[in-house]
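No hydrogens, no waters, no symmetry mates; every other heavy atom, side chains included, goes into these values.
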Amino acid sequence: MHRIFFKIPFGLVVGVAVALWLVALSGCDQHGSMSNKLTVPQRTTVTALIWAPDWPEQMLHIADEFNQRNPDIRINVQFMIGDSVEQNIKPRVASGNLPDLISINPNSYARELADLGVLADVGQSTAWNSMLDNLKAEWRSPTKKQFGISGGIATTLMYYNKDIFAKAGISRLPTDFKEFLIVCQQLKRAGFTPIVWNGGFPNMLGNGPFSFGFGNNVAASEPAWREKMADGTLNLNTPQVSKIFSRMLQIVEEGYAQSGYMSTNYDEGINLFTEGKVAMAFQGSWASGRLMHGKNFQTGVFIPPWNDPGKTVVPVIGSETGFAVCETANKTAALRFLDFIAGPGFVELQKKRHNISPFKQESAQGFSEPQLDAYTSKVRSYPVTIGLYYSFLPANTIDNLHPLIQDVLLKKVTPRQAATTLDASIKHEAKMHYK
């Protein structure tokens, strides 16, 4: 007996799923609806699917505070798992089991969801109007749908332990990758572990060395890289792209990473730095609330020198993972929660994260980091910058990249083979999207 499968258009699947769900809602408890209205005020439950690897407690506090202020709404927080936001969203969209509010990245996948009617337009919300104008383009779809708000201005940078650098006799910060390796060698000779490498959480290696590698080995020499990536003509099967992966491997091959780096997760990596067990952490601005306050030492920051000698570095800066509202029956209530996240909720987040605010008016004054503010201002002055990898790679490529990075570190594939795989993945996604 042969099974026959039909490929149903993605938009149709979503539309049918949402329509059936709304019909079911309208038919529930019709006979008792009048008496319920007379005795018990209606309470809407908003499901929020959130990416919060480093701030789950803060998210729960935000939901609790909103519930207290809004007795007609209850927030049900669910946390994303795994290595990417997209990995969590795709099965929910495919099944039609949509949450009401989600964490989202400002990338082509999110823009497609917006134009397919999965994500609501939040352009009339207080949250959208409060967001910095220079961030809004990333959160607007091709049909001009304003589909979300930024969780912060995101940049990856090198945090370093000033005390360890002084003990190792390092008085000058590196300005290119050759100088960086010399610093690592000097730290190692002085008996220190130079840098933490998150092999157990490859998302962080994507945010750090991959994003900087892509910026300095692709974007620096190809101004039209975004357009070429979209139409499938960007050639990434090159020695320059191979270098992105070979530099990640070089750090561990030369013994500059901590022991057990392949099992080091997100929190463990941060703890290694804050406890003074490693000299540097290639981390994000969103973790500055912890990394800038290590135990009994001062922290400094510098631009990761992933550029070749004589070349101007291409820094990484853009929008952090943010929030969107789905087109569900609870959209209105979810929009109220979105506004709360961008207002009082952001103050709660800043108590731990000390992130760079994406909003016009700073509502969480006193929680910013002066060094981070100065770093961000400096980075914005560079002639070429690039966003983090989750903002420019196709969703399926993001999910493929994480195990690919791990395979390079485990020497299951060579850096050149990794470049070939990355190139094939991006070309395939372009072909499928624009066929």
Side-chain angles (χ1 to χ4, degrees), residues 48 50-59 61-62 79-80 84-85 101-107 110 122 125-140 146-157 159 203-204 206-208 211 266 270 281-293 301 315-325 337-380 385-392:
I50 302 297
W51 175 260
D54 59 333
W55 49 278
E57 291 182 7
Q58 284 68 35
M59 187 64 222
H61 290 161
I62 291 168
F79 291 111
M80 294 181 174
S84 77
V85 168
L101 184 142
I102 57 173
S103 291
I104 196 82
N105 287 318
N107 54 25
V122 301
S125 67
T126 301
W128 174 267
N129 292 324
S130 299
M131 189 165 64
L132 292 170
D133 291 335
N134 59 7
L135 295 178
K136 289 181 176 178
E138 291 184 292
W139 297 92
R140 193 176 281 120
Q146 294 145 154
F147 63 85
I149 65 164
S150 175
I153 296 175
T155 179
T156 39
L157 59 158
Y159 296 86
N203 177 296
M204 217 38 251
N207 286 323
S211 295
Y266 183 84
I270 290 177
F282 202 154
Q283 253 285 358
S285 51
W286 52 87
S288 65
R290 296 169 66 184
L291 293 168
M292 294 300 297
H293 303 279
V301 299
V316 170
I317 189 168
S319 274
E320 191 187 342
T321 300
F323 306 94
V325 171
F337 187 45
L338 180 74
D339 284 341
F340 188 84
I341 291 173
F346 187 71
V347 177
E348 180 66 28
L349 285 182
Q350 285 295 78
K351 290 177 182 177
K352 177 178 181 180
R353 307 188 84 207
H354 296 196
N355 204 357
I356 308 165
S357 175
F359 302 114
K360 296 172 184 176
Q361 294 184 348
E362 180 56 72
S363 59
Q365 291 181 356
F367 297 109
S368 62
E369 296 289 346
Q371 284 194 71
L372 209 63
D373 293 338
Y375 177 94
T376 304
S377 297
K378 181 179 180 180
V379 163
R380 284 173 169 162
T385 62
I386 189 174
L388 288 93
Y389 78 115
Y390 57 70
S391 68
F392 61 80

Taking the side chain as every heavy atom from C-beta outward, state whether Leu372 and His354 have any atom pair closer than 4.5 Å. no
Is the shortest side-chain heavy-atom distance between Tyr390 and Asn203 below 4.5 Å? no
Show the nearest heavy-atom pair for residues Ser150 and Ser319, with the distance to one decimal. OG-OG, 3.5 Å
Side chain to side chain, Leu132 and Phe359, heavy atoms closer than 4.5 Å: no
Do Val316 and Thr385 come close enough that some side-chain heavy atom pair is under 4.5 Å? no
Do Asn355 and Glu369 come close enough that some side-chain heavy atom pair is under 4.5 Å? no
Non-hydrogen atoms of Gln146 and Trp128 that approach each other most closely: CG-CZ2, 3.3 Å
Taking every non-hydrogen atom, the tightest pair across Leu338 and Ser125: CD2-OG, 4.3 Å
Could you walk me through whether Asp133 and Lys360 pass salt bridge (charged side-chain N to carboxylate O under 4.0 Å, His left out), step by step? CA-CA 8 Å; Asp133 291 335; Lys360 296 172 184 176; 3.3 Å; yes
Within-4.5 Å side-chain heavy-atom neighbours: Val122 and Phe147: no
Closest heavy-atom pair and its distance - Pro56, Phe79: O-CZ, 3.5 Å
How about Glu320 and Pro358: do any of their side-chain heavy atoms sit closer than 4.5 Å? no
Residue pair Ser391 / Asn107, side-chain donor-acceptor N/O under 3.5 Å: no
Treating Thr156 as the side-chain partner and Gln283 as the backbone partner, does any N or O pair qualify as donor plus acceptor under 3.5 Å? no
Please check this pair: side chain of Lys352 against backbone of Asp54, looking for a donor-acceptor N/O pair closer than 3.5 Å. yes
Side chain to side chain donor-acceptor pair (under 3.5 Å) partners of Thr155, counting only residues at least two apart: none
Within-4.5 Å side-chain heavy-atom neighbours: Trp139 and Met131: yes
Shortest non-hydrogen pair, Leu157 vs Ser285, comes out as CD2-N, 3.8 Å
Measure across Ala154 and Trp286 and return the closest heavy-atom pair with its distance rounded to 0.1 Å. CB-CZ3, 3.9 Å
